[in-house]
Amino acid sequence: MKNLIFEQCHHHFNDIVAIRRDIHQHPEIGFDVERTAGIAADALDALGISVKTGIGRTGVVGDMEVPGASKRIALRADMDALPIQELTDVPYKSRIDGKAHLCGHDAHTAMLIGTARILSHLRSSLKTHIRFVFQPSEEVFPGGAEAMMADGVLEDVDEIYGIHVFPIYAVGEYATCVGPMLAQSDTFRITLTGRGGHAAFPHLTIDPILIGAQYVTAVQSIVARNVDPLDSAVVSVTQLHGGDANLQNGLAGAALNVIPPKVLIGGTVRTLQKTVQIRVREQLERLIAGLANANDATYTFDYQEGCPVTYNHEPCVTNVVSNARELVGKEKLIFPVLPILGGEDFGCYSQEIPACFVMVGAGNKEQGIVNMCHHPQFDIDENCMIYGMALLVSLAMR
Ligand SMILES: [Zn+2]
Ligand SMILES: [Zn+2]
């Protein structure tokens with residue numbers, strides 16, 4: 001079986017590279033992925049697979065029905081690019097300024113098209129129905145997964161699998177684990193209001209800059225002193241605004257003799273367990289409440305839950321592990337990989353039905369392909385697509 005699968009992956013490889021490069025040159029953002037979705041829908045249609053478009057606004061769903069099968073598995077690819085300028089000099093570089101496939105979703109889409117072609121060819125050996133899911137807007141939450149679920153993408157699906165190219169690992173390697181693999185990714189926004197005034201008369205003001213600075217320092221203690229050292233969490237303050245400076249011009253022209261009336265603070269929280277998330281959230285608010293109270297200031301605290309944890313269910317992981325071992329051998333399967341605190345909206349599916357997410361090695365140190373996802377010079381060793389397709393095909397053929 002292994003030889004047959006790799007033979008098929010190699011047979012389709014050049015076409016899949018061409019599709020990936022075409023999508024790479026024409027990146028689309030968020031839900032605006034009509035061109036990419038059209039490529040996926042046409043590819044499925046050409047195989048005689050029943051296709052539905054406009055699922056979750058611009059998503060595409062293809063159902064391959066297998067006579068006599070009772071179970072259905074879904075294979076998911078995301079299609080959206082990022083609003084970042086690509087800084088590579090590859091011949092298939094993005095043709096659109098300020099947009100680029102720097103998370104590898106072009107490769108995910110191309111690999112799922114390749115998988116559909118291979119499974120069409122091997123259809124007589126299939127034992128389960130296969131649903132091909134091409135999802136928009138993975139990078140922006142609430143995104144494509146929620147929208148597609150609202151349109152019924154998981155109806156009648158028993159298990160769902162997703163893969164992500166990951167240049168930290170070499171081509172030919174896979175990585176996964178049981179349980180939480182990627183983080184719950186939340187955001188918080190605070191408006192801290194004091195009383196502005198003349199900087200030479202600070203005693204007549206309530207200085208929100210000083211309170212804001214104390215808050216930023218205080219939240220550093222949350223992970224260190226409120227989270228069990230054996231659990232994981234990240235709290236990062238990523239925005240701190242006060243005064244009237246024009247951020248583009250720096251402090252030129254800013255009123256440096258005025259204490260402003262308010263500051264805005266924002267950031268992100270990443271956790272792997274609900275209990276930790278609740279603890280961090282409570283402490284974030286408790287600290288701002290305490291500091292505001294101690295200084296006679298007021299505040300608003302807004303906490304938005306984002307992408308839930310990507311949770312790998314044991315029976316699905318067992319399938320991945322046995323297939324991956326057969327395809328590349330035990331030593332090239334990184335299992336169990338440690339969870340990472342990045343977010344992925346595949347987590348939405350994994351909260352609903354049994355699921356497994358797998359990192360597919362896409363790095364190549366000799367060729368300098370080492371930059372991580374979202375780096376302006378991110379790229380993949382395209383040979384990784386053989387391994388991505390091989391894993392998806394093997395999961396579908398159980
Ligand atoms: Zn990304
Ligand atoms: Zn991604």
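Ligands are counted one by one from 1 in listed order, and the atoms in each one are counted from 1 as well. All of these numbers come straight from a predicted model, not from anything done at the bench.
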Tell me, please, if Cys373 has any N/O/S atom, main chain or side chain, under 2.8 Å from the Zn ion (ligand 1)?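 Under 2.8 Å: Cys373 has no N, O or S contact with the Zn ion (ligand 1).
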Glu139 near the Zn ion (ligand 1): N/O/S under 2.8 Å: yes
Does the plane of the ring in His164 sit parallel, tilted or perpendicular to the ring in His108? Use 30° and 60° as the thresholds.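 Perpendicular: the ring planes of His164 and His108 meet at over 60°.
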Which N/O/S atom belongs to His374 and is the closest one to the Zn ion (ligand 1)?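 Among the N, O or S atoms of His374, the one closest to the Zn ion (ligand 1) is NE2.
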Between Asn312 and Thr176: side-chain donor-acceptor atoms closer than 3.5 Å: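 The criterion, which ignores hydrogens and geometry beyond distance, is satisfied for Thr176 and Asn312.
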Please find out if the Zn ion (ligand 2) and some N, O or S atom of His108 are separated by less than 2.8 Å.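 No, outside the cut-off.
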Whether over 12 other heavy atoms sit under 6.0 Å from Asp244 CG: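 Yes, enclosed.
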Output field for angle at the Zn ion (ligand 2), His164.NE2 vs Cys103.SG, rounded to 10°, should show 100°
Salt-bridge contact Lys71-Glu159 (side-chain N to carboxylate O under 4.0 Å): yes
Do Lys274 and Glu305 sit within salt-bridge range, that is, some charged N less than 4.0 Å from a carboxylate O? yes
